[in-house]
Amino acid sequence: MALTRRITGIETEFGISCTLDGKTRLGPEETARRMFRPVIEQFGATNIFTGNGGRLYLDVGSHPEFATAECDSVSQVIAHDRAGERILDDLAQQAEAALEQEGIGGKVHLLKNNTDSAGNSYGCHENYLVGRSMSLKGLAKQLLPFLVTRQLICGAGKIARPYPGSPYENEPEQYCFSQRADHVWEGVSSATTRSRPMINTRDEPHADSTRFRRLHVIVGDSNMSETTTALKIASTQLVLELIEDERPLPDLEVANETKAIRAVSRDLTGAAQIRLRQGGEMSALEIQRIYLDAVTSWLDERVEDGTGTTNEEMRRAVELWDRALTAVETGDHSLIDRDIDWAIKKALIDRYVERGLELNDPRLAQVDLMYHDTRPGRGIFHVLESRGAVSRWIDDEAINAAITGPPTTTRAVLRGQFLDRTRRAGVPTVVDWTHLKIAGDDPVTLVVDDPFAVEDPRLDALLESIE
């Protein structure tokens, strides 16, 4: 049976830079070190779990990263994703203020995107709890065609040069659906950096391994828009429900996922032809329509039990999914230029092009980059949001609550209680996704391998002993 209540989370790696008068002031490593000074001063580490149940750390390559707590609804994921953005931007503002006080100066830019000027890529990883009964190979076979074409509905958009060896190799810059598409090299693999796959197979369920596995999707773009994030998560969850419920889907297995995802990214008409392993070709739009039609039928039968993402919220996402595909099919991007990142950004860039700028103009590269700056009042997306020029999925109250508090409907609430009580008491701890440990000469460890657990008598007793 399909899991209609599904634990989901997002891990986002951020780009950073420090500039003064448009020139580099500090390198990424030094900037990151200064950003994490308050964390080190308080916790003695650059890898911690926060009070809202999420994980904050400094990743390889000097990338600040935030992994949301376990969430069980689309709106919850969005709130905690944006909370992580706010938490990291607060550290960036503190670093900027410290640089000013030290007479160094400079603006610290925290960028929620996926590529830098040197061509490096960093990821936005999605995690979905799935049942252990279905093989990962069988699941991936049905999911990969959706992921290859999903960029039509939730790409972040980017001005990019054609990738080496492509049919467009000698053509100038073009606008693409996705930032991440050029940087994945396999469909399924246990690697994450050496040969980035679309689905990572490393078996780390962070839950009871006899019942669950964690599906680790690492092909998606980082999104600024709440509505784009909602569509990305909701559409993927619904497709997973279809697959787990063994609903019939056509054999859409792609012959070459790497080649296909790059071609799809560069064809804004959605007509890019994808060769199927069984023979023949199908366009990206056709593949997406097949999944959308199947999901629409599934929603008529989807059973709610009062938990997880409601059918009402899912229908809201499916309406946007249909509208996004229609926008691609007709070329009328105004249908989604308040809702989907690639279309919001493209509308901005198109206005500059209409004034005579070429896509290879450095000023447009700057617009592309600054769209992803997380600083309120400075980042282009956030300026648009403050003016009411883009759609919202949740409100600021939900984000503010998620900055300090964990989701109350998942295991994260237990982690939040543990961290709150032990930190107030000054008790040393070691925490990960499934373990809550009091360190010291007489250590005590609780293993919480049920991601849906919101109560635990063992934790209650342990917290009482601390008091």
Side-chain angles (χ1 to χ4, degrees), residues 1-12 50 52-55 66-86 124-131 150 153-154 206-207 212 214-217 220 223 225-245 295-296 298-321 339 391-416 433 448 450-455:
M1 287 292 292
L3 295 173
T4 54
R5 184 190 180 197
R6 189 181 303 278
I7 297 296
T8 309
I10 297 179
E11 309 165 39
T12 305
T50 54
N52 69 357
R55 182 181 171 213
F66 186 83
T68 69
E70 303 92 328
C71 300
D72 75 342
S73 75
V74 170
S75 290
Q76 209 173 71
V77 173
I78 296 167
H80 280 266
D81 180 52
R82 293 211 63 177
E85 184 184 311
R86 297 266 189 95
C124 177
H125 300 176
E126 305 149 56
N127 297 290
Y128 301 92
L129 189 75
V130 296
R150 187 182 65 165
I153 63 172
C154 59
H206 299 319
F212 304 114
R214 178 173 62 110
L215 180 68
H216 196 45
V217 175
N223 295 118
S225 161
E226 293 175 358
T227 45
T228 310
T229 301
L231 182 50
K232 176 170 69 177
I233 298 299
S235 62
T236 307
Q237 284 193 359
L238 288 169
V239 171
L240 287 172
E241 289 178 18
L242 283 177
I243 295 171
E244 287 193 319
D245 205 61
V295 160
T296 303
W298 164 250
L299 264 179
D300 292 335
E301 303 175 41
R302 188 177 186 265
V303 177
E304 292 185 88
D305 63 0
T307 63
T309 305
T310 65
N311 284 352
E312 181 182 2
E313 188 170 17
M314 286 300 195
R315 286 195 175 93
R316 184 181 172 192
V318 167
E319 184 280 326
L320 177 56
W321 188 351
D339 308 290
S391 303
R392 299 288 303 269
W393 195 270
I394 58 174
D395 55 28
D396 286 337
E397 184 178 351
I399 299 170
N400 293 334
I403 290 172
T404 56
T408 58
T409 55
T410 72
R411 172 179 63 191
V413 71
L414 303 180
R415 188 181 308 115
W433 295 108
V448 186
D450 180 358
F452 298 104
V454 295
E455 297 178 347

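These numbers were taken from a predicted model, which means no experiment stands behind them.
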Backbone of [Y] reached by a side-chain donor or acceptor of [X] within 3.5 Å:
X	Y	answer
Asn52	His80	no
Glu70	Pro451	no
Arg5	Thr309	no
Glu226	Ile394	yes
Glu126	Ile233	no
Thr227	Arg392	no

If you round to the nearest 0.5 Å, how far is [atom2] of [Y] from [atom1] of [X]?
X	Y	atom1	atom2	value
Asp339	Trp393	CG	CH2	9.5 Å
Ile78	Lys232	CD1	NZ	10.0 Å
Arg315	Asp300	CZ	CG	6.0 Å

Is the shortest heavy-atom distance from the side chain of [X] to the side chain of [Y] under 4.5 Å?
X	Y	value
Val217	Leu215	yes
Trp298	Asp245	yes
Trp321	Thr296	no
Arg55	Glu11	no
Phe212	Val130	no
Val318	Leu238	yes
Phe452	Thr409	no
Thr8	Gln237	yes

Determine, stepwise, if the pair Asn127 / Ile10 fulfils side-chain contact (heavy atoms from CB on, under 4.5 Å). CA-CA 6 Å; Asn127 297 290; Ile10 297 179; over 6 Å; no
Does a side chain donor of either [X] or [Y] reach within less than 3.5 Å of an acceptor in the other side chain?
X	Y	result
Asp305	Thr307	yes
Thr68	Asp81	no
Ser73	Glu313	no
Arg150	Thr236	yes
Asp72	Thr410	no

Would Arg214 pass as a cation-pi partner of Trp433, given that its NZ or CZ must be under 6.0 Å from the six-membered ring centre and within 45 degrees of the axis?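 The answer is no; the distance or angle limit is not met.
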Nearest heavy-atom contact between Ile153 and Ser235 is CD1-OG, 3.9 Å
Do you know which two heavy atoms are closest between Pro406 and Ala412, and how far apart they sit?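 Looking at all heavy atoms of both residues, the shortest contact is CB-O, 3.5 Å.
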Listed by chain and number, what are the salt bridge (charged side-chain N to carboxylate O under 4.0 Å, His left out) partners of Glu304, not counting sequence neighbours?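 With sequence neighbours excluded, Glu304 shows a salt bridge (charged side-chain N to carboxylate O under 4.0 Å, His left out) to no residue whatsoever.
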Arg316 vs Glu312, test: side-chain contact (heavy atoms from CB on, under 4.5 Å). Steps then yes/no. CA-CA 6 Å; Arg316 184 181 172 192; Glu312 181 182 2; over 6 Å; no
Run the side-chain contact (heavy atoms from CB on, under 4.5 Å) check on Val239 and Val295 step by step: do they pass? CA-CA 7 Å; Val239 171; Val295 160; 4.2 Å; yes
Please table the atom pairs, donor to acceptor, closer than 3.5 Å between any side-chain atom in residues 397-405 and protein atoms at least two apart or in another chain.
residue, atom, partner, partner atom, Å
Asn400, OD1, Arg86, NH1, 3.4
Asn400, ND2, Asp396, O, 3.2

